[in-house]
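In the text below, chain A, chain B and the rest are named by the order of the sequence lines, each starting its count at 1. Keep in mind that what you see is a predicted model, and the values were worked out from it rather than measured. Computed from heavy atoms alone, side chains included, the values below leave out hydrogens, waters and symmetry copies.
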Number of protein chains: 2
Amino acid sequence: MVKRISLSEADCPVARALDVIGDWWSLLIIRDAFEGVRRFSEFQTGLGIAKGMLSTRLRDLAERGVLETAPASDGSAYKEYILTERGRGLFLAIVALRQWGEDHLYRAGERHSVLVDRANGDLVARLELQASDGRVLAWNETQVRKAEAESG
Amino acid sequence: MVKRISLSEADCPVARALDVIGDWWSLLIIRDAFEGVRRFSEFQTGLGIAKGMLSTRLRDLAERGVLETAPASDGSAYKEYILTERGRGLFLAIVALRQWGEDHLYRAGERHSVLVDRANGDLVARLELQASDGRVLAWNETQVRKAEAESG
DNA sequence: AAATCTAGTTCTATTTTAGAACCAGATTTG
DNA sequence: CAAATCTGGTTCTAAAATAGAACTAGATTT
């Protein structure tokens with residue numbers, strides 16, 4: 001064989017994104033980070049992930065600029081893992097997955113966590129895709145335009 | 001060891017979503033399906049995926065209701081893989097990943113594919129999260145409210 | 001200073017992945 | 001219609017990733 005395939009040079013931004021966060025654990029780690037989790041042991045017990053896996057995932061995400069480490073905010077000698085600007089950019093991807101999961105992966109009456117507006121506790125609105133003029137676009141009203149060849 | 005951990009009964013919709021499509025290939029298969037790819041060999045050559053992997057991925061996605069098979073539309077005896085309603089629901093998740101990839105994973109001047117409005121070829125608008133009253137919400141203006149215990 | 005906690009690393013068994021080789025049935029070509 | 005080729009797989013193997021247990025060093029608490 002060879003190595004696991006790399007998508008890091010793909011023309012398609014979706015492929016490049018998946019190259020960074022397209023494995024089982026990364027988005028869950030990032031989800032927890034959005035909820036304020038920062039310490040190794042918090043991630044570990046919260047996710048139920050093996051420590052070795054967590055260790056390599058945190059290192060990879062830091063190397064790829066999604067997380068960064070900082071001295072622990074409680075003054076101890078340990079460190080914390082914090083989302084970078086790049087990492088925070090994944091917020092809507094996680095919201096979109098949440099919305100899909102809510103819509104399609106629960107049986108009637110089954111409870112799940114929800115995302116609310118901190119200001120008043122209301123549910124957030126559903127995500128939608130708009131055209132440049134504000135019309136809501138369905139999937140089949142859009143099209144992927146391939147990258148033109150780079151002209152030097 | 002045991003098996004790879006299952007998230008299919010998680011309280012968090014993000015976790016359940018990742019249980020279904022949280023591996024390297026699934027979202028790329030689905031992305032291609034949104035662009036009209038339907039046949040085994042089209043997926044295979046387009047993605048450069050091993051046939052064995054593709055075979056199991058397509059079967060899994062079909063079992064989980066993301067894809068369904070149908071007789072080939074060209075009248076041949078082969079079959080096609082088509083997105084179900086559930087599968088089409090992943091559109092915004094892919095758009096969100098695309099947006100993140102575009103924002104963070106290309107060097108200046110590097111070309112990539114873009115998503116456009118089929119009606120006029122314009123770029124689609126950026127996704128944003130709104131509150132119930134239409135205010136745009138940033139990640140830190142939201143909060144996850146855990147599922148209440150099911151009361152029987 | 002002993003005990004415990006934190007954040008790992010290391011080790012092993014199992015599973016997954018990539019890719020090549022093979023195959024049967026469908027389709028096309030001569 | 002027979003041979004060649006195409007389609008959509010399955011099977012096999014080697015390499016890599018994963019899960020989990022055991023171990024560890026340094027920090028913190030008792």
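Closest-nucleotide positions on DNA chain D for A/Gly75 and A/Gly48 were compared, and the one nearer the 5' end corresponds to A/Gly48. When the nearest nucleotides of DNA chain D are assigned to A/Ser76 and A/Trp25 by heavy-atom distance, the more 5′-ward of the two goes with A/Trp25.
Computed from coordinates, the A/Phe40 CZ to D/dG26 C1' distance equals 15 Å when rounded to whole Å. Between B/Lys51 atom NZ and D/dC6 atom P the separation is 12 Å, expressed in whole Å. Between the OH atom of A/Tyr78 and the C1' atom of D/dA25 there is a distance of 10 Å, rounded to whole Å. Here C/dT6 presents its C1' atom at 13 Å from CD of A/Glu80, a figure rounded to the nearest Å. Atom pair B/Phe43:CZ and D/dG9:P shows a separation of 11 Å (rounding to whole Å applied). Protein atom CD of B/Gln44 is 15 Å distant from nucleotide atom P of C/dA21, rounded to whole Å. Separating the CE atom of B/Met53 from the P atom of D/dT11 is a distance of 16 Å, rounded to the nearest angstrom. In this structure, CG of A/Asp74 is placed 12 Å from C1' of D/dA27, rounded to the nearest angstrom.
Distances shown here put every side-chain N or O of A/Arg39 at or beyond 4.0 Å from the OP1 or OP2 atom of C/dT6. Phosphate contact (OP1/OP2 of C/dT9, side-chain N/O of A/Arg59, threshold under 4.0 Å): present. The phosphate of D/dG9 (OP1 or OP2) has no side-chain N or O of B/Ser55 nearer than 4.0 angstrom. In terms of phosphate contacts, A/Ser41 brings a side-chain nitrogen or oxygen within less than 4.0 Å of OP1 or OP2 of C/dA7. OP1 or OP2 of D/dT18 sits under 4.0 Å from a side-chain N or O of A/Arg57. Taking only side-chain nitrogens and oxygens, A/Tyr81 never comes nearer than 4.0 Å to OP1 or OP2 of C/dT6.
Ion pairing of A/Arg118 with B/Glu141 is absent here, as no side-chain N (NZ or NE/NH1/NH2) approaches a carboxylate O to less than 4.0 Å. Salt-bridge check for B/Arg38 with B/Asp74: failed, with every basic side-chain N at 4.0 Å or more from each acidic carboxylate O. A salt bridge is absent between A/Arg88 and A/Glu68: the closest approach of a Lys/Arg side-chain nitrogen to an acidic carboxylate oxygen does not fall below 4.0 angstrom.
In this pair, B/His112 and B/Tyr106 present their aromatic rings tilted. The plane angle is within the 30 to 60° band.
Side-chain atoms of B/Glu80 and B/Thr69 include no donor-acceptor pair closer than 3.5 Å.
When heavy atoms are screened at a 4.0 angstrom cut-off, B/Ala50 is found touching base atoms of the nucleic acid.
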